[in-house]
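Chain letters run A, B, ... following the sequence lines, proteins first and then strands; every chain starts at 1.
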Protein chains: 4
Amino acid sequence: MAERTSTGFLDSVLDRTLGNLRAAWRDLSATARVAVGAPPRPDLPEEDAQRLHGQMRDCLDGKGGEVSARLRAAELGRAYLALSAVGRERFLRMLATEFDRDPDAVRNAAAALVAADPADYAKAERALARSLDAPRLKLLRQFNGLDQGVKFLVDLRAELLPLARRDGDLAALDADLHGLLASWFDVGFLDLRRITWEAPAALLEKLIAYEAVHAIRGWDDLKNRLEADRRCFAFFHPRMPDEPLIFVEVALVNGISDRIAPLLDETAPVADPKSADTAIFYSISNCQRGLDGISFGNFLIKQVVDLLASELRNLKTFATLSPVPGFRAWLEARTAEHDLASMLKPAEAAALAAATHGLAGRLPELLEADDWIERPALADALRAPLERLCAGYLATLRPQRRRALDPVAHFHLTNGARIERLDWLADPTAKGLRQSYGMMVNYLYRLDSIDANHEAYRGEGRISMSSTIRALAKG
Amino acid sequence: MAERTSTGFLDSVLDRTLGNLRAAWRDLSATARVAVGAPPRPDLPEEDAQRLHGQMRDCLDGKGGEVSARLRAAELGRAYLALSAVGRERFLRMLATEFDRDPDAVRNAAAALVAADPADYAKAERALARSLDAPRLKLLRQFNGLDQGVKFLVDLRAELLPLARRDGDLAALDADLHGLLASWFDVGFLDLRRITWEAPAALLEKLIAYEAVHAIRGWDDLKNRLEADRRCFAFFHPRMPDEPLIFVEVALVNGISDRIAPLLDETAPVADPKSADTAIFYSISNCQRGLDGISFGNFLIKQVVDLLASELRNLKTFATLSPVPGFRAWLEARTAEHDLASMLKPAEAAALAAATHGLAGRLPELLEADDWIERPALADALRAPLERLCAGYLATLRPQRRRALDPVAHFHLTNGARIERLDWLADPTAKGLRQSYGMMVNYLYRLDSIDANHEAYRGEGRISMSSTIRALAKG
Amino acid sequence: MAERTSTGFLDSVLDRTLGNLRAAWRDLSATARVAVGAPPRPDLPEEDAQRLHGQMRDCLDGKGGEVSARLRAAELGRAYLALSAVGRERFLRMLATEFDRDPDAVRNAAAALVAADPADYAKAERALARSLDAPRLKLLRQFNGLDQGVKFLVDLRAELLPLARRDGDLAALDADLHGLLASWFDVGFLDLRRITWEAPAALLEKLIAYEAVHAIRGWDDLKNRLEADRRCFAFFHPRMPDEPLIFVEVALVNGISDRIAPLLDETAPVADPKSADTAIFYSISNCQRGLDGISFGNFLIKQVVDLLASELRNLKTFATLSPVPGFRAWLEARTAEHDLASMLKPAEAAALAAATHGLAGRLPELLEADDWIERPALADALRAPLERLCAGYLATLRPQRRRALDPVAHFHLTNGARIERLDWLADPTAKGLRQSYGMMVNYLYRLDSIDANHEAYRGEGRISMSSTIRALAKG
Amino acid sequence: MAERTSTGFLDSVLDRTLGNLRAAWRDLSATARVAVGAPPRPDLPEEDAQRLHGQMRDCLDGKGGEVSARLRAAELGRAYLALSAVGRERFLRMLATEFDRDPDAVRNAAAALVAADPADYAKAERALARSLDAPRLKLLRQFNGLDQGVKFLVDLRAELLPLARRDGDLAALDADLHGLLASWFDVGFLDLRRITWEAPAALLEKLIAYEAVHAIRGWDDLKNRLEADRRCFAFFHPRMPDEPLIFVEVALVNGISDRIAPLLDETAPVADPKSADTAIFYSISNCQRGLDGISFGNFLIKQVVDLLASELRNLKTFATLSPVPGFRAWLEARTAEHDLASMLKPAEAAALAAATHGLAGRLPELLEADDWIERPALADALRAPLERLCAGYLATLRPQRRRALDPVAHFHLTNGARIERLDWLADPTAKGLRQSYGMMVNYLYRLDSIDANHEAYRGEGRISMSSTIRALAKG
């Protein structure tokens with residue numbers, strides 16, 4: 001699973017999100033028939049902000065009934081989309097600060113509950129709960145019935161998230177929005193759909209845009225990933241039927257794949273899926289930045305495993321071919337503190353010395369420059385220590401939080417998989433080298449031990465792994 | 001709009017609900033694969049209750065991951081369905097009392113918030129909100145992803161409601177469940193669909209079962225209500241696609257209908273809908289007892305008016321032909337206190353005396369026995385006082401709550417309609433006589449005054465009515 | 001398989017067909033925009049006939065292009081529907097005689113071909129084929145693109161058929177129409193669909209109307225026939241998507257059914273289809289009188305057998321429970337010539353004498369009056385001779401045509417089934433007694449001998465039957 | 001409309017067709033379960049041909065019933081696909097010669113008809129018709145019920161067509177196949193569907209492959225042609241639901257377009273379709289080479305005009321922007337005979353002399369080399385004579401056949417359009433220059449004169465044109 005973590009990436013998400021919002025609103029606007037004057041000026045000067053504030057107030061008061069309230073919400077949405085980045089931040093801040101819970105009311109209700117005698121307790125509790133229901137939440141909920149309204153909120157949160165990281169008020173607004181979306185996007189409400197080459201082009205182009213692990217290079221590449229010996233599944237929300245939330249790509253093969261290139265080779269012949277014994281999950285991408293923190297991956301993998309197992313009786317093995325996004329950064333951080341040489345075993349050091357013709361001291365440089373990949377002897381010598389160190393990395397928990405250091409490892413371990421195998425030079429692309437010196441990992445999903453693995457990891461922080469990995473990790 | 005209020009009706013709802021639950025679970029059970037031993041005995045003796053309690057606990061702990069938790073929820077559902085009425089009440093009580101919020105935790109969190117200084121306030125508020133999230137809610141939410149799981153909860157609430165009326169703990173459980181369902185069934189998530197004779201028989205037979213205003217006598221009656229000069233619309237939830245939530249029946253006619261019989265006449269010729277100038281909403285039925293207190297009718301009527309107005313350009317008038325369910329009971333309550341004679345105007349009294357041949361004193365009896373309907377002269381004499389009293393009844397608000405006495409009037413007034421006309425003997429069936437001496441009412445929806453009417457009624461308790469009704473009501 | 005053969009039945013078909021045509025044309029008319037004056041008078045007097053003749057001519061000339069020609073065809077259809085029975089016959093006769101092939105042209109083309117030398121033969125053959133293409137066929141083909149146009153032709157042929165039986169010109173028209181419909185309704189163009197209780201009511205009511213073997217008594221009866229342990233399949237044509245062409249009803253049971261009543265019992269519990277070992281085809285009905293002579297039943301049964309075999313792995317036996325529509329009439333014809341007594345074996349005669357208390361001479365009367373069914377002893381005594389005679393009847397071929405006497409037997413034998421078992425009193429209803437003294441037959445479809453059975457029957461007139469039936473038939 | 005006429009093109013069609021057939025058969029083969037031994041060797045040596053011949057015979061004899069016959073047809077299809085080009089031609093020849101009508105039988109039947117007296121004429125006619133029904137037709141019809149079977153026949157005809165041009169037997173086979181496909185693909189059986197960016201990618205990639213007028217350069221180009229201000233419609237056959245038969249591309253613009261480039265410009269902003277006053281049909285492509293000679297274009301255009309007129313009320317003008325594929329070849333043929341100079345008017349000659357600086361004698365060379373397009377003065381001077389000559393060309397009928405010289409002109413004139421305007425340098429691409437020195441034509445479809453135009457053209461060979469074109473053509 002690829003986590004999108006770089007800041008640069010966030011910016012492009014933001015740009016795309018803005019585009020999405022605008023497109024969405026073209027449709028949305030058609031449903032609105034409540035005239036509320038001119039749209040605000042882009043930077044939302046004070047005067048226009050006052051007017052918007054009044055509209056929000058009206059929307060909450062329910063003037064004219066619930067249908068009118070929804071139309072007013074549409075107006076607010078349209079206003080938001082007409083704003084510049086500056087104006088939007090002002091809009092969000094207004095929502096955060098002016099339509100928050102009333103802290104005095106909360107405090108009073110809390111005090112009343114503390115003082116309540118048993119007979120009045122239930123009433124006091126209800127009153128307290130009511131005092132905690134923020135007006136802005138009521139406002140946001142109005143959007144769900146508008147065409148594209150749910151998508152609007154998801155995209156709005158994508159814009160809110162980076163701002164919320166550095167501002168308490170916006171963080172509180174984000175917490176409300178997160179809660180609202182988490183309840184709407186409960187996995188029970190989602191539809192799992194298989195995506196094939198028969199799917200609408202309008203949907204398929206989104207896969208190209210959203211793929212986050214192994215970039216899709218064009219329509220031919222995409223078609224190859226949807227051939228008869230491949231599977232692609234995604235979750236959808238009934239109110240965003242054209243927008244995948246998360247999707248997984250699976251290759252039906254024989255034996256556990258140890259390299260990514262054959263899976264992406266458009267010229268490879270299409271195999272008969274019925275004869276495959278192994279399903280390789282080689283890419284999982286979250287599509288909606290605005291749903292960050294709401295997890296679907298666990299459900300997606302389990303349901304896809306179930307579906308495949310019942311469709312293709314020959315399938316015996318379900319495994320991933322996954323990146324190790326954090327290994328190289330982790331190793332570089334360590335070598336900044338300790339000499340790399342000090343981490344090598346004598347035999348490893350000797351082999352490296354031979355392969356580098358005595359220039360072992362320049363090892364960090366050679367690693368840094370990715371040059372070694374062109375020198376077979378050096379690459380051979382590097383394999384043993386890098387695999388050993390990587391296995392150790394994968395088997396390491398963060399000190400306090402009892403979760404694996406590597407985010408992809410954490411994801412699959414939480415789901416009940418075990419670390420099965422390291423694949424040397426499975427992804428020798430620039431990206432693969434940058435993340436993990438080209439190594440990839442197979443995580444294995446065994447139906448009969450998923451629950452136990454999950455419990456062991458979550459409860460005791462015990463990481464499930466094959467004996468090979470364990471031996472490697474122990475060095 | 002028909003409210004289902006009689007106790008007898010509740011029982012039949014309960015029976016039907018049980019049937020629904022059982023049918024639902026046949027499907028649901030297929031998805032469950034977590035073995036948890038034998039189902040409990042029907043009356044849920046203590047020992048079995050202990051076991052169930054453990055299962056609920058496991059389900060909340062998330063042992064084995066979220067997917068397993070959902071399967072455990074399915075097991076719990078199946079267990080519930082295996083229980084007798086006694087066992088179910090025990091099950092619900094266990095859910096209500098053992099998985100409630102922890103009052104000490106709530107109290108402590110409340111006290112902490114009261115004492116918090118501004119810097120810690122946000123954190124204290126979040127902690128307080130968390131303490132108010134009842135474990136039973138988390139348990140109930142697990143059902144949404146199961147086949148028929150949402151329907152299970154709706155039906156479970158239908159069983160809970162009568163029990164909750166006489167028990168505080170169950171009432172608190174109901175409040176949680178109501179909140180959960182209200183958020184899931186937000187009108188923004190619902191689909192409005194037209195229902196025609198092309199709809200699945202499996203859906204149409206539900207209309208027959210759920211119709212609550214003018215009983216559907218069979219498939220021919222139903223077909224007549226779905227002909228080209230009729231419209232039927234219903235709301236559906238994406239997770240209950242075969243279950244209407246509420247439906248409305250509309251006749252496309254010329255002029256506002258003043259009798260119900262022609263609308264239900266299967267032998268009447270089918271008119272050309274394009275030439276109709278009036279849409280008569282003659283029946284609205286809520287279908288899911290378990291969604292009591294969650295309102296769809298307002299949205300349904302407005303959306304249907306919009307749809308019809310854009311489909312059929314000739315339509316100028318949108319009105320109802322509605323029962324007056326509370327008039328007779330209200331009048332009988334008043335005549336139990338005051339002599340009926342004292343309510344009559346001199347001219348009315350004189351006409352009645354003539355028509356009853358001096359037996360005016362026996363008027364209450366005659367009214368009581370519904371005999372007058374057979375005596376044209378008497379019926380004529382009764383028309384003036386009954387219409388006058390009925391108009392007065394309709395125009396009356398409840399003392400404290402500023403809502404109309406009559407529930408159907410309250411519904412349409414809240415929606416922004418106005419009371420347009422009384423229809424004498426519009427429904428001379430036994431039911432019509434029992435409710436309102438055979439009178440019906442037209443409520444008029446005028447697109448340009450819906451909002452103002454709604455505001456006037458909701459804000460100031462002002463009831464919109466035609467000048468005729470106003471004159472009648474003033475007597 | 002039920003053939004609809006009674007004349008009375010034809011009349012009701014005709015009535016229904018007229019109704020269908022009218023309904024069809026309501027839709028069709030919407031597409032027509034070529035004004036051609038007033039519709040003809042109902043009986044089509046000469047003057048109006050002349051006008052229609054001109055329209056037909058224009059339609060064939062293709063004036064205004066092909067689209068206009070189709071609109072003219074719609075006008076002709078509408079004109080036809082406005083006619084009385086007298087007018088329609090005139091219309092059909094005009095089509096038959098005025099738009100036939102030109103016999104002189106055919107004769108000349110034939111003579112030219114006879115005289116052609118080899119080099120010109122191909123050209124002569126093409127010219128001859130062209131001369132045989134009747135103008136009326138070109139006219140009829142125009143209807144296929146109109147809404148309901150194909151259904152119009154099918155219904156038109158239903159009206160033509162009884163007339164064609166007594167008129168050579170109309171018979172020739174029917175032959176053309178038969179050929180056209182046979183090519184359009186080639187089984188390769190049909191869709192096989194399963195029909196369930198989820199099907200549109202508008203379709204299901206047609207099953208009620210079209211069922212020809214065991215009348216469907218209402219919606220509850222129909223629902224029972226669509227329960228989980230039943231299957232219903234029908235063929236549809238893409239241009240008549242709401243009209244079944246033929247449908248079959250199947251019960252999933254254990255063991256071969258020997259009585260019809262349990263299959264039609266609405267109160268019987270629904271069985272688990274997965275545990276059934278036998279599929280009983282208990283009703284096949286042709287729906288479109290206008291497609292007489294175009295056979296779908298063979299394909300329907302084989303495809304349904306295939307579908308069921310692949311869906312339900314436990315099914316081992318595929319058999320029918322079929323009527324014997326011709327047995328009683330056949331026997332009565334024989335007893336009109338020969339004394340029934342002379343057909344009895346001594347033991348049979350003795351048993352009957354005992355059971356009738358010496359009144360054996362009144363046997364024909366007793367049989368005639370259906371009284372014996374009430375007298376168990378007599379019924380017991382009748383069983384042996386009736387079963388024997390019936391088996392003999394079923395095993396008998398028509399003298400010249402090498403087909404079984406019984407039409408249902410002929411149908412299933414042609415399909416490759418074998419006569420498996422006689423079921424005594426399997427259908428003791430008035431209809432069952434009238435057809436075959438209450439007996440029914442199981443025809444068995446064994447996948448591994450269907451082809452051989454078919455060949456033996458079609459090629460050599462050899463009837464496949466079980467040893468029991470063979471022994472019975474031999475007496 | 002683009003006719004595909006170059007021989008080179010045929011080859012590529014053939015290649016693609018072979019690919020299609022192979023893909024088709026992957027699916028088809030799944031339905032076949034009649035084992036008939038090994039597939040034939042690619043070149044179909046005599047021995048294997050004998051075996052195939054036997055299979056064809058069995059298929060016709062109906063051995064084992066109709067279902068078996070279809071499975072045998074599938075086997076034959078599979079055998080065909082396993083053959084090389086040599087083998088296929090042998091296969092087709094066998095079908096043509098061994099399963100033709102029996103000429104002796106035809107001759108005898110013809111003689112019998114000639115000799116028949118009136119009473120026997122009808123019978124003789126039926127016998128003659130039967131003798132003309134070729135066995136190979138019965139064989140070919142078997143394919144319609146197989147998955148992809150109809151597509152198989154269409155592709156088989158695509159392969160047959162080039163062979164049939166030089167062989168009488170194969171031409172006769174093609175005539176039969178043409179007749180069969182013409183009846184199956186009658187426009188009344190086709191579905192008209194709008195194609196948008198929401199269509200399956202598997203369908204859209206076929207548009208890219210089949211576009212024959214202005215090549216689609218990739219997915220972005222395609223997307224541009226499916227934007228909100230564009231329309232694309234295609235005909236489909238129910239048994240080839242994923243294969244467009246013909247499609248048309250329309251741009252919604254203001255004013256009649258006079259250049260193709262703006263319509264294909266991916267960077268142009270998307271206009272509001274509701275404000276467009278003109279629909280420009282800028283591309284029509286036939287997709288199935290195997291349906292050559294079966295015309296859909298007329299129906300397609302008229303139905304699309306109807307659909308657009310009812311969807312977009314602002315549309316007032318329906319016109320094409322069409323190539324003139326035959327003009328340059330026609331002019332070059334004429335200049336090969338006559339000196340170009342002799343065709344010029346004095347003013348034109350003078351202008352050209354000035355623009356060519358006295359090198360007017362080299363005009364043919366300059367035209368030949370397409371150099372003039374780079375020289376504005378020369379291009380200006382060429383405009384008048386080329387437009388005049390082109391208008392003359394368009395207005396010219398073929399001597400005998402009373403159809404326009406230009407195939408695209410013939411197509412639109414047959415449909416009832418008129419020649420409206422010549423567009424100078426509307427398509428200055430290499431292809432545009434090669435066809436018509438970059439000129440294009442607008443054909444205008446006026447709803448109120450389509451029928452009259454069609455009649456005038458078809459009946460009297462009168463070409464409808466605007467006064468401008470008429471003036472130009474007259475010179």
Item checked: Region of D/N108 that comes under 4.5 Å of a non-hydrogen atom in chain C -> neither

Check: Using non-hydrogen atoms only, which part of C/A111 is less than 4.5 Å away from chain D: side chain, backbone, both, or neither?
Finding: both

Next item on the list: Check each atom of D/A171 against the heavy atoms of chain C and say whether the ones under 4.5 Å are side chain, backbone, both or neither.
Entry: neither

Margin query: So, taking the atom named OG in C/S131 and the one named CG in D/L128, what distance separates them when rounded to the nearest 0.5 Å?
Written below: 7.5 Å

Next item on the list: Heavy atoms only, distances under 4.5 angstrom: which of D/E125, D/Q142, D/R141, D/Q303 has the most pairs with chain C? Name it, please.
Entry: D/E125

Checklist line | Proximal component of C/L180, with respect to chain D [non-hydrogen, under 4.5 Å] | finding: neither

Item checked: Per-residue contact mode, C/R126 against chain D (heavy atom under 4.5 angstrom) -> neither

Checklist line | Per-residue contact mode, C/R239 against chain D (heavy atom under 4.5 angstrom) | finding: side chain

Item checked: Leading residue by heavy atom contact count with chain C [cutoff under 4.5 Å; candidates D/N453, D/N415, D/V187, D/N144] -> D/N144

Notebook entry, point to check: When D/F189 is tested against each of C/W184, C/F143, C/F185, C/F189 for ring-ring contact (aromatic ring centres under 6.0 Å, His included), which residue passes?
Noted result: C/W184

Margin query: Which atoms of C/L132 are under 4.5 Å from chain D, going by heavy atoms: the side chain, the backbone, both sets, or neither?
Written below: side chain

